[in-house]
Amino acid sequence: MKIERLELRLLKLPLVHFFETSFGRIYDKHFIIVRADGDGVSGYGECVAEQDPYYSAETNDTVWHIIADFIAPRVLGVEFAHPRDVFPALKPIRGHNMAKAAVEMAAWDLFARVRGEPLARTIADGGTPRERIASGVSIGIQDSLDDLAGKVAREIAAGYQRIKIKIKPGWDVAAVDMIRQRFGAIRLMVDANAAYTLADADHLAELDRYDLMMIEQPLDYEDIADHAALQKRLKTAICLDESIHSLADAREAIGLDACRIINIKPGRVGGIGESIRLHDLCATHGIPVWHGGMLESGIGRAANIHLSTLPNFSLPGDIAGSKRYFDPDLIEPPIEVAGDGTIAVPTGPGLGVSIRTDRIEQATLRSETFELGTLKSALPAGLNVRT
Ligand code: OSB
Ligand code: MG
């Protein structure tokens, strides 16, 4: 497989409903779509970086810079035997996992389309991918507990297999208590997006009364040691999201019992290849994983569905139906959740969904293409591509 041309687009799409985490509230999603052309077909990648460096250090602007100046020169015209080789080829570039993952995802889609098989089959690598995945929802912080109750009621009625709510200091125990009182023994979890410190351990331990599936990323986004100390004081399982940037982080966290569950987001760890390796590592250690979400359009959402077909994705993911996020979505047909809270894995080649290029065009704020020979910024003079 060879990528002959890369196109970057920065898109702005309005969200159906604002989304609020402990970082703040967004009404529109700004994100980058990558198109990789080669062998007469196109593969698509979606970047999960946001406008602000709040969930992670990367932003759309850093992604653009790193792809244009460092990733494009290392992948254009290079023969890859398999897309799993793309991330290792980018090793000289430190960090910037979301930028790497966006290009790598386009390479996986391209490769699977050239083979004429759905991405799930390429990912399964000889195994048999599941045909449907279990779907959960992530409900943002609301203006009132009544608003929250309304959202929970709607998502349960839609069939979702578990409810996750975002928490932060001042919006935590009372919200969980209200949900347990009104909705009983549903599968429930919370995500703090790093909003607490170890000094809040006693307060967080109040959540132990509510039989939560897990508490996601209570402490700092790079911390592992304090999570290990907190896990000792909680009955509820800790799940790490932000703190796991690599397999090495996961090995450390598992070794220290800093978490009992891991949320996998390809953008956070550098792509689908690294996600498969992380999934396998967790399986070896008896750590269940689930697929996280970053409010993706249907393009990124489809890739997440394909990856979630691996066996150790044994808990419902943050992969919900398109209509909760964008209406219309960038794909046709939209991703839909069945009454039993499952989503069918698309069966066409690659991502298996048809991409509405007209809607991409309409949402585009900025675009640029990169081709061998016409690279605006080749590697800085004197800097060799290390292989
Ligand atoms: O922490 O999982 C998170 C969205 C943006 C940034 C971080 C997170 C989230 C979500 C949304 O929880 C999940 C979704 O896509 O529905
Ligand atoms: Mg999270």
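Start at 1 with the first residue, then count along the sequence. Just so you know, ligand 1 is whichever comes first in the structure, and atom 1 is the first atom listed for that ligand.
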Check this for me - ligand 1, K164, N or O atoms closer than 3.5 angstrom, yes or no?
yes
Closest protein heavy atom to atom 6 (C) of ligand 1, given as residue, atom name and distance to 0.1 Å
M294 SD, 3.5 Å
Inspect the surroundings of CZ in R121 and state if more than 12 heavy atoms from other residues, nucleotides or ligands are less than 6.0 Å away.
no
Matching residue for N193 among E216, K168, K166, Q217 - test: side chain to side chain donor-acceptor pair (under 3.5 Å)
K166
Verify, without hydrogens or angle tests, whether D226 (side chain) and L198 (backbone) share a donor-acceptor contact under 3.5 angstrom.
no
Who's closest to atom 9 (C) of ligand 1 heavy-atom-wise, of G317, G293, A320, C239?
G293
Against R356, only a single residue in E332, Q362, E361 fulfils side chain to side chain donor-acceptor pair (under 3.5 Å); can you say which?
E332
Taking only heavy atoms of K265, which atoms of ligand 1 are found under 4.0 Å from at least one of them?
1 (O), 2 (O), 3 (C), 7 (C), 8 (C)
Which protein non-hydrogen atom lies closest to atom 1 (O) of ligand 1, naming both residue and atom, and how far is it?
N193 ND2, 2.7 Å
E242 near the Mg ion (ligand 2): N/O/S under 2.8 Å:
no
May I ask you to decide if I167's main-chain N or O and D172's side chain share a donor-acceptor pair within less than 3.5 Å?
no
Backbone or side chain, does D241 get an N/O/S atom under 2.8 Å to the Mg ion (ligand 2)?
yes
Contact between P288 and S314 at the side-chain level, heavy atoms closer than 4.5 Å - yes or no?
yes
For ligand 1, which atoms have a heavy atom of K166 less than 4.0 angstrom away?
1 (O), 2 (O), 3 (C), 8 (C), 9 (C), 10 (C), 12 (O)
